[in-house]
Amino acid sequence: MATGKSRDTFGSKFGVIAAAAGSAVGLGNIWKFPYETGSNGGSAFLVIYLAFIFILGIPAMVASFAIGRSGQSDASSSFSRIAPGTQWKLVGFLGILAAIVVTSFYTTVAGWTLEYVAHAFTVAQSDVDPSAYFSDFIANPLRPVLWQIAFIVLTMLVVMRGVSKGIERYSKILMPLLLALIIILCVRAVMLPGGRAGLEFLFKPDFSKLTFEGALNAMGQAFFSLSLGMGVMITYGSYIRKSENLTKTALHVALADTLIAILAGVMIFPAVFAFGIEPGSGPSLVYITLPNIFSKMALGGVFSLLFFILLTVAALTSAISLFEASVAYFAERLKMKRIYAMLLTFAIVLTLGIPATLSQGNLSCIQLFGMNLFDFFDFISSNIMMPLGGLLIVLFVSWGPGKDIFRNELTNQGAIRVRSFGAIEFLLRFVVPALILVIMLAPLFLSLFRGEAGA
Ligand code: TRP
């Protein structure tokens, strides 16, 4: 290898899938997916979301894995090794920017989760009003910030222990446990009186609620949930063994991720309707809905504690991938010592992250394009930076200098036959780029058009 230094690889087949799924499955599935679905019309959102996972998400993930495994490095260095002397490495840089923006509000929500771990029994009590509890908490100028910092420190400690030792071991045991707990909560939620309306909201197609804005959110959600478009899956690809089938790995990761998101919807929406919560409540939705379910369960406090601990772990395995992306970038690209790369990441994330957290309370007056900082970071990362990064990654392997390595990586240098290769190539060349451009630009054109029509 070019650097002469051997890279950690994931030990087993399950290890790769568990680690990539550990990155993919996180707050995106359990916190963001339900609230985006609730705010964008329910079933209509779900249908286009699923379409995006299969048409855009899986091919883009395969592309990312291929770039990383061929380049044997983080996103930026992988681009420069495959296409030396070109500007493609900037895609990696863009990705790091996106990773940092995501981390800043991701750690806010992870911090909320820690608060709910600490107060798991309190929030599950039937005489505590979940929405008052949540709004008091996020408006507090100190507590959410302290939890956020606690979470960031926790993540750094895990990142410090290296890839296979840290991530693989934890994901393998705890993710299946989270899945089991979600299934139990789904059963409880579906049995709630009035819960049926929630299932209908989620599954009974009603395309009258479909909008371009909803489609943009669904696309952003697909990228966010699969950890795509910012080089994280490229970095992970560099840790996948040469003998592994990349297409299958991507398919398994995407299926696991999507299953968990749908189950999170089945857990949340029956309760949303049973308790008369507004489905479009936004980022608070899950944190006000779940305590309602716990308060109606035998041993609700115990379930509450277990759930928020596992959700913290899920957030942690995702946050690790976000941190690892920028730590690896600073370390390998800027030739920094890992510890300094980590401290630099820490400093940047705090600088952006604390204002994002406070924008839910005292700093809510700071508005960018009509959004508070938290929503703004969420919007520009998921709906602009990731689709743009995804577009460039896809173009790199479909039309750009990554064309040859792409075929070699997918077939493991000709050792395996990938039956879907033609379909994937077709999607990556034509469908994915067109779709990303249309969905990103349509809301812009529509608003211009509307502006003119109104004038
Ligand atoms: N996919 C994660 C989630 O759903 C979030 C995440 C982790 C992420 N790493 C990422 C999103 C990289 C985009 C890119 O919670």
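Positions are given from 1, in the same order as the sequence printed here. Each ligand, and each atom within it, is numbered from 1 in the order the structure gives.
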Legend entry - Polar atom proximity, A24 to ligand 1 (N or O, under 3.5 Å): yes
Inset, instruction - Flag G28 as yes when one of its N or O atoms lies below 3.5 Å from any N or O atom of ligand 1, and as no otherwise. - result: yes
Legend entry - Flag, side chain of T107 to backbone of S104, donor-acceptor distance under 3.5 Å: yes
Legend entry - Minimum non-hydrogen distance to atom 10 (C) of ligand 1, winning option of A319, S382, S227: S227
Inset, instruction - Using modelled atom types only, decide if a donor and an acceptor are shared between the side chain of R69 and the backbone of I240 within a distance under 3.5 Å. - result: no
Legend entry - Any N/O pair M230/ligand 1 closer than 3.5 Å: no
Inset, instruction - Please verify whether a non-hydrogen atom of F33 lies at under 4.0 Å from ligand 1. - result: no
Inset, instruction - Consider ligand 1: state whether an atom of it lies below 4.0 angstrom from any non-hydrogen atom of M386. - result: yes
Inset, instruction - May I ask you to say whether E425 pairs ionically with K403, meaning some side-chain N is under 4.0 Å from a carboxylate O? - result: no
Legend entry - Element-labelled atoms of ligand 1 that are located less than 4.0 Å from some non-hydrogen atom of S321: 7 (C), 9 (N)
Legend entry - Within-cut-off N or O pair, D257 and ligand 1, under 3.5 Å: no
Inset, instruction - Let me know which of F377, F374, F376 forms a ring pair (Phe, Tyr, Trp, His ring centres under 6.0 Å) with F105. - result: F374
Legend entry - Positive for ring pair (Phe, Tyr, Trp, His ring centres under 6.0 Å) with F308, one of W112, W31, W147, Y116: Y116
Legend entry - Side chain, backbone, both or neither: the part of S23 lying under 4.0 Å from ligand 1 by heavy atom: both
Legend entry - Sub-4.0 Å atoms of ligand 1 with respect to non-hydrogen atoms of S225: 1 (N), 4 (O)
Inset, instruction - May I ask you to say whether K337 pairs ionically with E332, meaning some side-chain N is under 4.0 Å from a carboxylate O? - result: no
Legend entry - K209 to F45 six-membered ring, cation-pi geometry met (6.0 Å, 45°): no
Legend entry - Sub-4.0 Å heavy-atom contact, V102 with ligand 1: no
Inset, instruction - Check each atom of ligand 1 against the heavy atoms of V232 and keep those under 4.0 Å away; list them by number with element. - result: 12 (C)
Inset, instruction - May I ask which of W31, Y106, F224 has a heavy atom nearer to atom 11 (C) of ligand 1 than the others do? - result: F224
Legend entry - Polar side-chain atom of S78 near backbone of S73 as donor-acceptor pair, under 3.5 Å: yes
Inset, instruction - List the steps and the verdict of side chain to side chain contact (heavy atoms under 4.5 Å, CB included) for N217 and F212. - result: CA-CA 9 Å; N217 287 332; F212 266 113; over 6 Å; no
